[in-house]
Asks: 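Just dropping this structure here.
Throughout, a chain's letter reflects where its sequence line sits, starting with A, and its residues are numbered from 1.
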2 protein chains.
Amino acid sequence: MTKQVIKKETEQKKHKKQRRKEVVEEEERKKKMPLGEKQGWEKSESRYCGVETEFDDDMPGVLTSNLSHGFFDFVVAPLMNPTYRPSLVEKEASGSSPVLPFASSDLVLCLSQWSSHVIEWASHLSLQACLLPSPKSTSCANYARCVNQILQGLPNMQLWLRIPLVKTDEDAMDENSRKIVDSWEVWNSFRLLREHHSQLSIALDIMGTLPSITSLGRWFGEPVRAAMISTNCFLTNARGYSCLSKSHQNLLTAFLNHSVQVVISGKPLHSVPKTGSGLAFNGSNVNNQSVPSSFSHPSHPLKTYLDYIGFLFQKMDPLPEQELLKLGFRDCLRSPLQYQRAIHEALLDRVPEENTSVTTILMVVEAGRGPLVRASLQAAEETGRKIKVYAVEKNPNAVVTLHSLVKLEGWEDIVTIISCDMRHWNAPEEADILVSEMLGTIGDNELSPECLDGAQRFLKRDGISIPSSYTSFIQPVTASKLYNDVKSHNDVAHFEAAYTVELHNIARLAPPQPLFTFNHLDYSAKKSNERYKKLCFKMPSDAGSALVHGYVEALVLLYKDVHLGTEPSTATPNMFSWFAIFLPLRTPVCTQPGSDLEANFWRCCSSSKVQRGLAALTSKYKLLHDCSCLMQVWYEWCVTSPCASAIHNSNGRSYWIGPIRYLQL
Amino acid sequence: MTKQVIKKETEQKKHKKQRRKEVVEEEERKKKMPLGEKQGWEKSESRYCGVETEFDDDMPGVLTSNLSHGFFDFVVAPLMNPTYRPSLVEKEASGSSPVLPFASSDLVLCLSQWSSHVIEWASHLSLQACLLPSPKSTSCANYARCVNQILQGLPNMQLWLRIPLVKTDEDAMDENSRKIVDSWEVWNSFRLLREHHSQLSIALDIMGTLPSITSLGRWFGEPVRAAMISTNCFLTNARGYSCLSKSHQNLLTAFLNHSVQVVISGKPLHSVPKTGSGLAFNGSNVNNQSVPSSFSHPSHPLKTYLDYIGFLFQKMDPLPEQELLKLGFRDCLRSPLQYQRAIHEALLDRVPEENTSVTTILMVVEAGRGPLVRASLQAAEETGRKIKVYAVEKNPNAVVTLHSLVKLEGWEDIVTIISCDMRHWNAPEEADILVSEMLGTIGDNELSPECLDGAQRFLKRDGISIPSSYTSFIQPVTASKLYNDVKSHNDVAHFEAAYTVELHNIARLAPPQPLFTFNHLDYSAKKSNERYKKLCFKMPSDAGSALVHGYVEALVLLYKDVHLGTEPSTATPNMFSWFAIFLPLRTPVCTQPGSDLEANFWRCCSSSKVQRGLAALTSKYKLLHDCSCLMQVWYEWCVTSPCASAIHNSNGRSYWIGPIRYLQL
């Protein structure tokens, strides 16, 4: 059924203001705005919760009863009275004043004019989005063609395709003849027919029974805009109140974390908590989230469900590291303890036990507020080695903090602070040990080996660089949004570039595998940074089919066997602590559950590309330029199974990095 | 092993001239030029036969012994001495005068510089083609990347990838563990990695055992340039002479028919026929093809095999209808007998038994030399109906023939000849029956319904049009060449157009199925010519995987149940008697044996596209314009299984026909 989504935009803001006046205590306020701004979150992190209603001629009444008093944020309502069914005869007879058609399931049967009229009506109403009925199967070409026509005349409005979150058809009686219906495949068919149109997204209907976690993972790479949850998905706890199963809680939390809006649908089936009484939320210590008595509006019959969603939002984990990184908390991500271990090892390697009187020259570049300076001094103390530290930092504010730290700790004789961009610094002497995090800062994984090579200019011939090596890890992903962004350029070149990206809206389809390793322990000007590797990703057998839009690659930094990431315990540590890059595939590859995805990657280096007419150097690559002259680096990649793809970026034709030219979304 | 192909271009011509002087008798000449020009064939239809030789420093000697005296047309020889194996050290040491490397199997191991050097050498020699070793498996990304690099600096030379014609790996001992190796899949992987590069084609190594006929069919849609046949594929007949199995004969004949060059390789293993003695070719009546004694050159050791290939070429079927059509023999394709049957039926329908004195007005448009005029008169005689015939013909030469025919037969009172283009003819009266072949002439299948509608202007309100209806048939094909032609335009629009094409170099992957049927028996201005159909093609289970580049569609014309094609006996008559169109797929679809290919087609009509700024009318569409005003017609199509494709030509965005704009290759 085609529905409308009406957000209570300005009205909502007004209400918030009003509430702000009324609510004084912060704890109280949170309870009133379960999905509003949470302390410490960015503005953009607000979450919305809507409600699905039945058809009602009195739309203003519907809006008031659902949106006022801080209840829901928006309403999903049928555009037409469900009892109204126009015939073609009527429509023709009506001539210039057409009777508005009802968007019944006939829409699916390709009466394209009807669907056009319905959506045109929705567009005329300036609705934010229009909910479309679910396609019946993967063979939905005719329906997709109707939507094609609709989208042509629809510059702004979003179309939300309603998709039931099912994987197996439970209706079929016998095990053998049971036809597997995977609603993700239905969506996938529809979006392929529609060529990943950016105005087409998903409203997922969450059912009482959920598919496996692995198969659910696929949705996080898709443009899911709304999670529709019916009241009959809610369980009843001992006190008769609504609650959700643990797996439903996890799913909704994950959706909230991905900025998916929640829509409550259905009739109230659970007790409404009495004013002042405790709400018994499922297994938590927030038993006292009562509605304050100062609010005496008539309660909404679905308020218990809305409150529950608010409760889930409240107990969400704090921001993951990656988000912190994005928000500028890079310092939080440092792992001074791991660096301390690495420097400890390096000092032992560098200065033998019988000669501890030697002073080791140690440089910390991008020293920030000093965590690695402290780690260096602690490592020196642990090992009984003498050190002299140069702390290089370009941010003048951080330099102030550094000076205070050095004064406070009494390190003046050991630490020299250099307020300078490391790329322009001419060091007074060469270092024994160089500690840096520049790989994480520069974020261009493809250039990392050359960056490490470049660090040599600060080092003695036999000096030690921390990190001394790194391994890049790669994994296949579904990434509708990234793919759409790349596709929007309408050329091959953009499909053959690597992108530094935020990796939030992706579905990781198989565990990451090590791709290239570069070891800088034994520095040699002659060694090659060219690489080739073929990887075979085993697609999980319980996740259903999948669509591979490309790969993400991230780095793991090492000093010998010491991981410098924040999760050193795992074999493939939290690769996404660092910036990652996205390598798209021109034609997304469909994979079957349990099948192999064979992927090939080349890291190519050449100095011949300079002839292509490059001139200026961006400051970003100054360091590289100093050390590697006019070397260019690029990746090539392709798929050889299940079906061969083109070799992407053949001979670096579309993108390369080096002195110049780097495509960024 | 990388080989060179040297064609004896000018030298060959010289020899031919010389031989022409020597040979007088036509029968004799044929025997001397087994693969030369055949009587009645176009120049371009000549076939070539080459020979594969071992490495020899004395290249001029190799050329003389193989190409002179009318033996072979070209030589395939190793570029390097197979004993020579350069090491990387040698190569580096050689500096500015690099030692030429030998193209060993190391090529496959991605020593890309080596392969570059080999091909560069071949290019320097201005060879027509360079034979590349076969990839070892479908996982040949690295090899493909080498070839990528080679092709970048290679503007003209063809690269022939040597592919063994095998489907099952017979080496594996046990039935279960036997790994299926389908060399077509190896080729398919390689060409997908290379994005259908037009300079990359195939040299097929024909083995002693052939795969199934269905699986062989796939190669006829591929760019096969050479069929390499080893002497040990030849059997020995009772007299000790060489011959081929029936299936090998059929395959080679089919390749010759597709302009594939044959290359004989290996050592002579069969008796060389003595001069003057009969050659016992396998099961045929050409037992006396001796080499005339007037030619006393030293015989070539492989001449018996060359002669056998010549023999196969000689006994090839005459040109298929389609070829005749292309060569302008349209008249030959008429089926007057079928038309006579149709006119017979129409006269009986039109004039009841009790009223045979009525004169029926019959028009034959595009009357040509009169076969359908004769058919009309014979049908009138058969049925005892009176007729008056207008024979409309625009070709003045044909009109002369028509006048002679009418005079000769004494039809002056019955037949009126109109020397005029039917599109500009204003008929003096309306016809009861209109007989035309214009669908075949115009060749734009998409417009056929409107053409038939247009014929109404010559007809009485209740008049009969022959053909009265038609059905279009469609089938999926592999069509490398067509696909490449479309791809060469580098835009989406060309992938969303329909092409009128010659359908020689295609592999038909599944039997054709009826698509759209248009019936014009009951003419009504109100009826719609819009159609939608979903077809499911079952891919044969014994043909191996396949790549679908698109579909071909052709018409079958009918009057009621009378087929008007040349093969009325079959249910899906020789659909390719008429021009066919090709509908490409932007991304070719890989299909598994036995799987379903679900295809969707729409025929769309609209008058709104006129706003797109169309102005002039081509004369071709004048008729249409007269009758259908500014109607536009286009197809849309997509795949929904095994994996959904984009909907092609959505809303006619890339191509439509009607007043204007028609893409043609």
Asks: Got a second to check how far B/Asn142's CG is from A/Thr640's OG1, nearest 0.5 Å?
Replies: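 One finds 10.5 Å between CG of B/Asn142 and OG1 of A/Thr640.
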
Asks: Return the option, out of B/Leu192, B/Leu193, B/Asn188, with the maximum number of heavy-atom pairs under 4.5 Å with chain A.
Replies: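 Among the listed options, the one with the most contacts to chain A is B/Leu193.
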
Asks: Which answer fits A/Arg191, side chain, backbone, both or neither, if we ask what part of it has an atom under 4.5 Å from a heavy atom of chain B?
Replies: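 Contact with chain B involves no heavy atom of A/Arg191 at all.
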
Asks: Between A/Ser641 and chain B, which part of the residue has a heavy atom less than 4.5 Å away: side chain, backbone, both or neither?
Replies: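 Neither part; nothing is under 4.5 Å.
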
Asks: To the nearest 0.5 Å, tell me how far A/Glu598 CD sits from B/Thr138 OG1.
Replies: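 Going from CD on A/Glu598 over to OG1 on B/Thr138, the span is 6.5 Å.
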
Asks: Given a strict heavy-atom distance threshold of 4.5 Å, which part of A/Val639 is in contact with chain B: side chain, backbone, both, or neither?
Replies: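 For A/Val639, the contact with chain B is made by the backbone alone.
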
Asks: In terms of heavy-atom proximity below 4.5 Å to chain B, should A/Cys604 be classed as side chain, backbone, both, or neither?
Replies: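 Contact with chain B: side chain only.
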
Asks: Between B/Cys590, B/Cys643, B/Ser545, B/Ala644, which shows the greatest number of heavy-atom pairs under 4.5 Å with chain A?
Replies: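 Option with the greatest count: B/Ala644.
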
Asks: With chain B, which of A/Ser645, A/Ala144, A/Cys638 has the greatest number of heavy-atom pairs at distances under 4.5 Å?
Replies: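 Most heavy-atom pairs under 4.5 Å with chain B: A/Ser645.
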
Asks: Let me know if B/Glu185 has heavy atoms under 4.5 Å from chain A in its side chain, its backbone, both or neither.
Replies: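 Neither part.
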
Asks: Chain B: which of A/Ala141, A/Cys140, A/Ser189 shares the most heavy-atom pairs with it under 4.5 Å?
Replies: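 Most heavy-atom pairs within the cutoff with chain B belong to A/Ala141.
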
Asks: List the atom of A/Ile647, the atom of B/Glu195, and the distance in Å for their closest heavy-atom pair.
Replies: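 Looks like O-OE2, 3.9 Å.
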
